[in-house]
**Student:** 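I have a structure here, written as structure tokens, and I will follow up with some questions on it.
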Amino acid sequence: MGCIFCQIIAGKVSSEILYQDEEVIAFRDINPVAPVHLLIIPKKHIPSLAHLPEAESPLIGHMANIANQLAKREGISESGYRLAISCGEQGGQEVPHLHMHLVGGRQLAPTFG
Ligand code: AMP
Ligand code: ZN
């Protein structure tokens, strides 16, 4: 099992875990691009958003809800933040395990890279 995020879920790779339940886990990005940069991921290995079965799409709503809660906890709920899911090569996805970025704590650029 070469997936780095599955290894974090299994506790084989250490990370700063901020939240977990039966379905998802959230931890700090190892290479933050802003003062707050968290990743919310499903515990189930789903390679990308494009691989998410339609029947499992409520998972994305759950991840967004957890992101909202974590944004409050991190103190950026009022100032604002961005949720982002990169999908596939041209979408800039580097880790092939579905994940949602929660980024905030500074003014973000209005455009996509
Ligand atoms: P993406 O480019 O959307 O696939 O994002 C992958 C993110 O995972 C990057 O922001 C990396 O910094 C982050 N990342 C990779 N390995 C780890 C790790 N071991 N712990 C925390 N974050 C990681
Ligand atoms: Zn995985």
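Note that the structure is a prediction, hence the values are computed from the model and not measured. Counting convention: from 1, in listed order, for ligands and their atoms alike. Just so you know, these numbers use all the heavy atoms, side chains as well, and skip hydrogens, waters and symmetry mates.
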**Student:** Report the part of Ser86 (side chain from C-beta onward, or backbone N, CA, C, O) that has a heavy atom under 4.0 Å from ligand 1; answer both or neither where that applies.
**Tutor:** side chain
**Student:** Apply the test salt bridge (charged side-chain N to carboxylate O under 4.0 Å, His left out) to residues Lys44 and Glu23: give CA-CA distance (whole Å), side-chain angles for both, the deciding distance (0.1 Å), then the verdict.
**Tutor:** CA-CA 7 Å; Lys44 180 180 174 185; Glu23 283 188 295; over 6 Å; no
**Student:** With a cut-off of 4.0 Å, which atoms of ligand 1 are near a heavy atom of Gln93?
**Tutor:** 4 (O)
**Student:** Can you name the nearest heavy-atom pair linking Ile17 to Gln20, along with the distance?
**Tutor:** CG2-NE2, 4.3 Å
**Student:** Can you get from Met100 to Leu18 by hopping between Ile, Leu, Val, Met, Phe, Trp and Tyr side chains that sit under 4.5 Å apart?
**Tutor:** yes
**Student:** Within a distance under 4.0 Å of any heavy atom of Ile4, pick out the atoms of ligand 1 and give their elements.
**Tutor:** 19 (N)
**Student:** I'd like to check the side-chain hydrogen bond (donor to acceptor under 3.5 Å, both in side chains) partners of Asp21; sequence neighbours left out, ordered by chain and number.
**Tutor:** Tyr19, His62
**Student:** Under 2.8 Å from the Zn ion (ligand 2), which protein N, O or S atoms are there? Could you list them by chain and number?
**Tutor:** Cys3 SG, Cys6 SG, His45 ND1, His97 ND1
**Student:** For Ser48 and Cys87, which heavy atoms make the closest approach, and how far apart are they?
**Tutor:** OG-SG, 3.8 Å
**Student:** What I want to find out is whether Arg28 reaches Glu74 closely enough, with some N-O distance under 4.0 Å, to be called a salt bridge.
**Tutor:** yes
**Student:** Side chains of Ile41 and Ile9: does their closest heavy-atom pair fall under 4.5 Å?
**Tutor:** yes
**Student:** Quick one: nearest non-hydrogen protein atom to atom 2 (O) of ligand 1, plus distance?
**Tutor:** Gly92 O, 3.1 Å
**Student:** What atoms of ligand 1 come within less than 4.0 Å of a heavy atom belonging to Asn31?
**Tutor:** 12 (O)
**Student:** Contact between ligand 1 and Arg28 is defined here as a heavy atom of the residue under 4.0 Å from a ligand atom; is it met?
**Tutor:** yes
**Student:** Considering non-hydrogen atoms of the protein only, which is the closest contact for atom 17 (C) of ligand 1, and what is the distance?
**Tutor:** Ile30 CG2, 3.6 Å
**Student:** Suppose we measure from atom 11 (C) of ligand 1 to each protein heavy atom; which comes out shortest, and what is that distance?
**Tutor:** Asp29 OD1, 3.4 Å
**Student:** Between His37 and ligand 1, does any nitrogen or oxygen pair lie at a separation below 3.5 Å?
**Tutor:** no
**Student:** Does the side chain of Ile46 come within less than 4.5 Å of Leu59's, by heavy atoms?
**Tutor:** yes
**Student:** Nearest protein heavy-atom contact for atom 4 (O) of ligand 1: which residue, which atom, what distance?
**Tutor:** Glu94 N, 2.6 Å
**Student:** Could you see which bit of Val33 sits under 4.0 Å from ligand 1, with heavy atoms only: side chain, backbone, both or neither?
**Tutor:** neither
**Student:** Taking all non-hydrogen atoms of both residues, which atom of Arg82 and which atom of Ala109 are closest, and how far apart?
**Tutor:** NH2-O, 2.7 Å
**Student:** Tell me whether the rings of Phe27 and Phe5 are parallel (<30°), tilted (30 to 60°) or perpendicular (>60°).
**Tutor:** perpendicular
**Student:** Tell me if the centroids of the rings in His97 and His99 come within less than 6.0 Å of each other.
**Tutor:** no
**Student:** Could you go step by step and tell me if Leu102 and Leu70 meet the side-chain contact (heavy atoms from CB on, under 4.5 Å) rule?
**Tutor:** CA-CA 9 Å; Leu102 165 61; Leu70 289 169; 4.0 Å; yes
**Student:** Among all protein heavy atoms, pick the one closest to atom 6 (C) of ligand 1 and tell me residue, atom and distance.
**Tutor:** His99 NE2, 3.5 Å
**Student:** Just to be sure I'm reading this right: ignoring hydrogens, which of Leu39, Val95, Ile8 gets closest to atom 18 (C) of ligand 1? Compare them by their nearest heavy atoms.
**Tutor:** Ile8
